[in-house]
Amino acid sequence: MTTEFVTPTTGASNTSTRDMLSKVIDIEGNPYKRDFPLLANNPQISFLDSAATAQRPKSVLDAQRDFYERLNSNPLRGLYKLSVEATAAVDEVREKVAKFINADSPDDIVFTRNATESLNLMAKSLGGSILKPGDEVVITIMEHHSNLIPWQQVCRQTGAKLVYMYPDKEGFLSDEEIETKIGPKAKIVSVAQVSNVLGVENPVKKIGERAHQQGAYFIVDGAQSAPHMHVDVKDIGCDAFAFSGHKMFSPMGIGVLWARKNILEKMPPMLTGGEMIESVTEDDAVWAELPHKFEAGTQDAAGIVGLGAAVDYINSIGMDRMEAREHALVKYLAEQLSQLDFVRIFGPKDPAQHTAVVAFNVCGIHPHDVASILDASDVCIRAGHHCAMPLMTWMGVHSTCRASVAMYNDKKDIDQLISGLKKVWAVFNGDK
Amino acid sequence: MTTEFVTPTTGASNTSTRDMLSKVIDIEGNPYKRDFPLLANNPQISFLDSAATAQRPKSVLDAQRDFYERLNSNPLRGLYKLSVEATAAVDEVREKVAKFINADSPDDIVFTRNATESLNLMAKSLGGSILKPGDEVVITIMEHHSNLIPWQQVCRQTGAKLVYMYPDKEGFLSDEEIETKIGPKAKIVSVAQVSNVLGVENPVKKIGERAHQQGAYFIVDGAQSAPHMHVDVKDIGCDAFAFSGHKMFSPMGIGVLWARKNILEKMPPMLTGGEMIESVTEDDAVWAELPHKFEAGTQDAAGIVGLGAAVDYINSIGMDRMEAREHALVKYLAEQLSQLDFVRIFGPKDPAQHTAVVAFNVCGIHPHDVASILDASDVCIRAGHHCAMPLMTWMGVHSTCRASVAMYNDKKDIDQLISGLKKVWAVFNGDK
Amino acid sequence: MAINNIYSAALMEHNAHPDYKYQMDNPDYQHEGVNPSCGDDIVLSMDVEDGVIKEIAFTGSGCAVSQSSTDIMSDLLTDKTVDEAYDLCSLFLKMIRGEVTDDKVLAKLGEAAQLKDISHMPARVKCAELGWRTCMTIIDDQIRGKKTA
Amino acid sequence: MAINNIYSAALMEHNAHPDYKYQMDNPDYQHEGVNPSCGDDIVLSMDVEDGVIKEIAFTGSGCAVSQSSTDIMSDLLTDKTVDEAYDLCSLFLKMIRGEVTDDKVLAKLGEAAQLKDISHMPARVKCAELGWRTCMTIIDDQIRGKKTA
Ligand SMILES: Cc1ncc(COP(=O)(O)O)c(C=O)c1O
Ligand SMILES: Cc1ncc(COP(=O)(O)O)c(C=O)c1O
Ligand code: FES
Ligand code: FES
C-alpha cells in the first residue's frame, strides 16, 4: 500500500492496481473452495456472509488440532519440552502477525478474543486514562457497535463528547467533514477502515494526518479491512489497529490489537490476574513487560497457532491476488444486483468502490423475509442492522440485507443469489 | 455433594465417599489415556501438569472441528440454516454447563475467555459498582493472582480494603479465622474452592454462610475444583462461580461465569460492542438480555461446542468415578513423595486431603533445576510461583515444584516422577 | 420443511392486504410488543364489550410473517370472549414452539394453523409469536389487570 | 541435547562451591540483575583498577544454572580489562542465543563454553545470561557511564 490516493474523495487506495489485476481474474473458476472443508462438503451452498465470519481452510483446522495433539500445554513459564514448544509456537505467530500488518515489533501485538475486545481495551485503557471533560472523541456514523458503544461509555464516564463524522449519500467522507469534525478538542479519533455495511474504504491516511495535526490519537478498526487488503500500519500512520482472526480464516476466539509501543506502555491493563504480572505482594502488583501485560490468564494458544496458519494461508495465495479476486467478485455482485429493478443498493454507486460487502434491500420486502426465502435456495446472506444501528437510522432504514464475499466465492455463488432474489420477488409479487 | 462436612476443620466434603470409592480404583490400569491423542501418541511422557492446563480427548477435538466443518457461521442473528444450527449448538452447551454446576437457568451462564476474565468481570462490574471506602473485600492468602489482583485493583479504585484470611500451616482455614476476617464491613468474599498450590479444599459452604450472615456476596473461584469434583452452586450457596474450560478437557479460550440472575441483572457489562445490545442510538445504548449482555463481539462458538463435548466426556465417565480415581492418584503421589527424605511437601500432611495437586521442593535444589532435569526423563511438572506469589511469601519460599494429576494419569506416571526425582538428587548430590 | 410452505399464497395475501392493520380511534386497550431479535414492533389495539372482543386492529412494522400472523390472529379473535382469545393465543404459542402438533387440536386455530411449520424455523418463531404475545400481555396486564392487582 | 549435559559435574561443582559468591566490602561498582521469568536475582560487585577487573563477586539466589554460570564468569573475568570483559560477555550471550556456534571462537570463553548447549533450552537461556547481562550493565551504565553521559 505504498501507492498514493488515486481518488482523494473516496479514500480508496491502490484502486488502479486492483482494477487492473481484477480484469485478469477468472471468477468462474475457483481453485480455493476445495481448501475449505465446509464449502467443499456443501457445494450447494452459496456462502455470502463472510463479513460476519469467514470459513476456515483445512490448514488452519489442522494447525489448531495439531497444537492439541502435539504441543498442548500451558505456554508460559513451563520448563518442559511441550510447554517450551508451545511458547515458541505462540511467539512465532506474534512475529507473523506483526509482519502481516507491517508492525515494528511482535511485542506490540496483543492477542485478544476479537476486534471488540481490542477496541474496548483502547477505549477503557487509553480513553479512560486520558479523556477529560470537554475533550472530544471522533468516530463516524458508520461504525460497528464495537467501535461505537465503548466510546459512548468512556465519554459518559469522563465527560468527553462523542462527535460523529457523516459521509455523503454514497458513504464517502469529505475532506471538509474530516476537517470540521476533527478539531483542536479531539483527543481520540477511531474509524473503521472499511465499513461492514456500506463497503466503502475510508480515507484513513487523511483522517490520521488530520488527527495527528490536532494532537489526537488515531485508532483504526480493521475488522473488515485486514481480511481483504494489505494493511500497513506505518503507511496508514495509525496509533492502534484492531482486527478479528475469525473474519480472516482463523479460528474463532482470537483477535489482535496492535498499538505503538509508547502508547501500550502507558496504558494500564484492562484485565488482571495470572500471566500478566512481574511480581505481586499482598498490597501491590507490578505488571509484566509488553505484550503480556495485556494478556491476563491462560490464552487460547491453539487459536493463536490457528491464526498463524491463517496468515500463512493468505501469504501462500498472496494478498494481491486475493484482493484482486475479491474485487472482481464484489464488482460482479454489485453490478448484478443493480440490474434487478426491485433491488436498492446502499453505499457507493460505483461497484468498484465496494470492498467485499454490498448491502441492499428488496423493495417492500422485509430483509428477514428475503434472507429466509434465500435460505431455501441455499444462499446464506445476513439481514438486520449489522451491529450498526445509528448508521441504519441515518440511512433511514430499519435493517438491510447484506451479501459479502471472500476469495473462496465464485460467479456461481453470486448467480445463485441473483436467481434466489428473483424467487423472493416472485413469492411476494407473483411471477414476472 | 449432598453429604454434610465430615471434618469441619478441613472443609473437605464427601471425603468418606471418595475414600471408599478410591479404594476400589486400579491406578495401574488406565482405560483413559487412549482417549487423549497427545498422551496416546507420547506414551513416554508423564504429564503431571494438568492443573496448568489439561489434555483434551479426541471427542472434544472432533466436536470443535466438526463445528468448523459443518456449522461454521456467526451464531447470533443469522437467518440461514448454518447460523441457526450454530446458535442452537451454543444454546445447548449453555444448558449442559448449567446442569454441570446445577445452576437454575442457562441464561445465567456467561461464556468468557477463562476463569481470569470471569473473576475480572465480578471484580470490575459487581465490585466496581457496590464497593465504597471503608468496605472490605475478603479473600485468602492462597488465591491465584486471578482472584487477587482484580480485587486489589478494585479496592484501590473504590477505597475498599482487601482483607486476607490465613490458613494454618497445612493450609486449612479455621472457623475462627473465617469469623474474624469476615466481619460486618465485608461486602464481597471471594475464595478458591481448591488451592492450585496447596491442593486443599476450602470450606466454601461455611465461608458462604458467614459471608451471607454478614451481608456480603460470596464468589467462588472454581478453576481447580470444577475439573475434579461435583460442583453444585446451590449446595455451595455461592452467588457466583468462575472456572476455565481448558483445565477440564475443553479447548483453550473458553471460560465460564455463573452468577445469580438478580446479581447479573444489576451488573453493568464490562465489554461493550456487537451482539450485546438491544438498541443503540448516537447517544445511548440499551443492553441485551442475559447472558448476551456480557458477551460482546463474536464468541468462540467452536470452543463453546468443545466445552460441551468436554462436559459430555466427563459425564460419560461419571464425575464420581473420575474423582475417586484422581483421589487415589493424588494420594499415591503424595505418599510416594513423602517417602523421599530429600523432598518437602507443602499443604496438608494427610495425602488424602490433597485435591489433584501436590506442591513440593527438593532440598537445596532450585525448582527450575528440578523441572529441567525431570524433563529429561519426560516428566512434565511445573516450577515457579504458580501465580500465587503472596502465598509463596507467606510460605517463606520463592517458588516450588508442583505435580498435578487428572484421571488420565496412572501409577506409572507417578513412579516416573519419583524415579526422576531420585535422578535429580543424584545429579546434585551424587548417587546414593 | 420447504420454506416456501410458509410463504404461502394465503399468508402473502394477509401480508399484502391486512384487513386489520389500521389505527383504531380511542381503543379500550393498547400495547406495543417488540421483537428483540429484530427490533420490529406491533401496536395492538382492542375494544372489549361484556368480555367479548368487539374490535381488534394493529399498526407497526415488521416482516411478512409477523404482519400476516397478526392479521390472521385479529380475524380469529374478533367476537371471541377474552378468555377464549387467551386460550387460543396460548395454543398458538404451543404450536409454534412445537409443543402441540395434533392437527385435530390445532383446528381451533383456523387459518392460523397453517403457520405450524414455523416451529421448524427457530429464527422466525419470534416473528410469528409477536402479535399473539402482545395480545396476551394486554389481557394479562390491562384486562385481567394482573399487574395493577 | 541431553539435559544432563548441562548439569555436568563441572557445573555442579561451581554450584556447590562457588568461589566468587561472597559479599565484597565497599565494591567500586555494584548492580542487581533480575531474571524476570523467575524473579531470581544476582547482585554483582566489582573492583576495577587502571581499567582492569581486580575483584569480582556475587550474592543473590537462583538456580544452579545462574549460580554456576556467574561463578564461571567471575573466574573468567578476573584480571581481564573492562573492554575484554565486555567483549567476552557479548560473545557469551551470542553463544547462548545460538548466534555463534564455532567452537574455535568460543574457546576464548574457557570453561564457560561448556554452557553452549543451553542455547537449545529456551526456558533456561535467561538463567545462563543473568550474571553476564548484569556485568554488561555495570560496564555500560557505571564504568563507561553511558547512562550518566
Ligand atoms: C485457582 C485458580 N484460579 C484461577 C486460575 C486462572 O485460570 P485461567 O488462567 O484459565 O484464567 C487458575 C489457573 O491456573 C487457578 O488455578
Ligand atoms: C467493522 C467491524 N468492526 C468490528 C467488528 C467486531 O468484530 P468481532 O465481533 O469479531 O469482535 C466487526 C464485526 O462484525 C466489524 O465488521
Ligand atoms: S423480522 Fe422482525 S418481526 Fe419478523
Ligand atoms: S530459574 Fe531463576 S535464574 Fe534460573
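Quick caveat: nothing in here was measured; it's all calculated off a predicted structure. Residue numbers start from 1 in every chain, and the chains themselves are labelled A, B, ... in the order their sequence lines are given, proteins ahead of strands.
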Toward chain B, the part of Thr298(A) with a non-hydrogen atom under 4.5 Å: both

Between Gln299(B), Arg70(B), His145(B), the one whose heavy-atom pairs under 4.5 Å with chain A are most numerous: His145(B)

Interface moiety of Met270(A) toward chain B, non-hydrogen atoms closer than 4.5 Å: both

Any salt bridge linking Asp283(A) with Arg156(B)? Criterion: basic side-chain nitrogen under 4.0 Å from a carboxylate oxygen. no

Counting only heavy atoms closer than 4.5 Å, note whether Glu69(B) contacts chain A via side chain, backbone, both or neither. both

So OG of Ser118(A) and CG of Leu271(B): to nearest 0.5 Å the spacing works out to 10.5 Å

Taking the side chain as every heavy atom from C-beta outward, state whether Arg382(B) and Tyr80(A) have any atom pair closer than 4.5 Å. yes

Heavy-atom proximity to chain A below 4.5 Å, by part of Asp62(B): both

Taking all non-hydrogen atoms of both residues, which atom of Ser146(A) and which atom of Gly274(B) are closest, and how far apart? OG-N, 2.9 Å

Are Pro37(B) and Tyr68(A) packed together at the side-chain level, in the sense that at least one heavy-atom pair is separated by less than 4.5 angstrom? no

Answer yes or no: is there a side-chain heavy-atom contact under 4.5 Å between Glu275(A) and Thr116(B)? no

If one checks every heavy atom of Ser50(B) against chain A at 4.5 Å, the contacting part turns out to be neither

Drop me the distance from Gln152(A)'s CD to Thr272(B)'s OG1, to the nearest 0.5 angstrom. 8.5 Å

Counting only non-hydrogen atoms closer than 4.5 Å, does Gln64(B) touch chain A with its backbone (N, CA, C, O), its side chain (CB onward), both, or neither? side chain

Look up atom CD in Glu282(A) and atom OH in Tyr166(B), then write down how far apart they are to the nearest 0.5 Å. 3.5 Å

Region of Gln55(A) in contact with chain B, defined by heavy-atom distances below 4.5 Å: both

Less than 4.5 Å to any heavy atom of chain A: does that hold for the side chain of Lys124(B), its backbone, both, or neither? side chain

Report which part of Gln153(A) has an atom under 4.5 Å of a heavy atom belonging to chain B: side chain, backbone, both, or neither. side chain

Would you mind reporting whether Lys81(A) and Asp378(B) have side-chain heavy atoms less than 4.5 Å apart? yes

Between Pro269(A), Gly303(A), Gly273(A), Ala115(A), which residue shows the highest count of heavy-atom pairs closer than 4.5 Å to chain B? Gly273(A)

Tell me, for Pro268(A) versus chain B, whether the close heavy atoms (under 4.5 Å) come from the side chain, the backbone, both or neither. neither

Looking only at heavy atoms, which two atoms of Ala371(B) and Leu79(A) are closest? And how far apart? CB-CD1, 3.5 Å

Flag the pair Phe47(B) / Leu82(A) as yes when at least one side-chain heavy-atom distance between them is below 4.5 Å, and no otherwise. yes

Using non-hydrogen atoms only, which part of Leu162(A) is less than 4.5 Å away from chain B: side chain, backbone, both, or neither? side chain

Among Ala223(B), Ala301(B), Pro390(B), Gly253(B), who wins on heavy-atom pairs under 4.5 Å with chain A? Pro390(B)

Let me know if Leu148(A) has heavy atoms under 4.5 Å from chain B in its side chain, its backbone, both or neither. side chain

Checking the side chain of Asn72(A) only, and the main-chain atoms of Ala54(B) only, is there a donor and an acceptor separated by less than 3.5 Å? yes

Interface check, chain A: of Ala40(B), Ser279(B), Gly384(B), most non-hydrogen pairs under 4.5 Å belong to Ser279(B)

Heavy atoms only, distances under 4.5 angstrom: which of Asp49(B), Asn41(B), Thr393(B) has the most pairs with chain A? Name it, please. Asp49(B)

Choice from Ser244(B), Gly297(B), Cys380(B), Cys155(B) maximising heavy atom contacts with chain A below 4.5 Å: Cys380(B)

Cut-off 4.5 Å, heavy atoms of chain B, and the answer for Arg113(A) is both

Side chain, backbone, both or neither: which part of Asp66(A) has a heavy atom under 4.5 Å from chain B? neither

Quick check on Ile45(A) against chain B: is it the side chain, the backbone, both or neither that has a heavy atom closer than 4.5 Å? side chain

Between chain A and each of Asn120(B), Thr53(B), Val60(B), count heavy-atom pairs under 4.5 Å; write down the option with the most. Asn120(B)

Any side-chain heavy-atom pair from His246(A) and Asn74(B) closer than 4.5 angstrom? yes

So, the part of Asp284(A) with a heavy atom under 4.5 Å from chain B: the answer is both

Val280(B) and Ile149(A), any side-chain heavy atoms less than 4.5 Å apart: yes

Just wondering, do Asp300(B) and Pro251(A) contact through their side chains at under 4.5 Å, heavy atoms? no

Test of understanding: with ring pair (Phe, Tyr, Trp, His ring centres under 6.0 Å), list the residues that count as partners of His366(B), not counting sequence neighbours. His368(B)

Less than 4.5 Å to any heavy atom of chain B: does that hold for the side chain of Trp151(A), its backbone, both, or neither? neither

Part of Leu391(B) lying under 4.5 Å from any heavy atom of chain A: neither

Quick one: what part of Leu71(A) sits under 4.5 Å from any heavy atom of chain B, side chain, backbone, both or neither? backbone

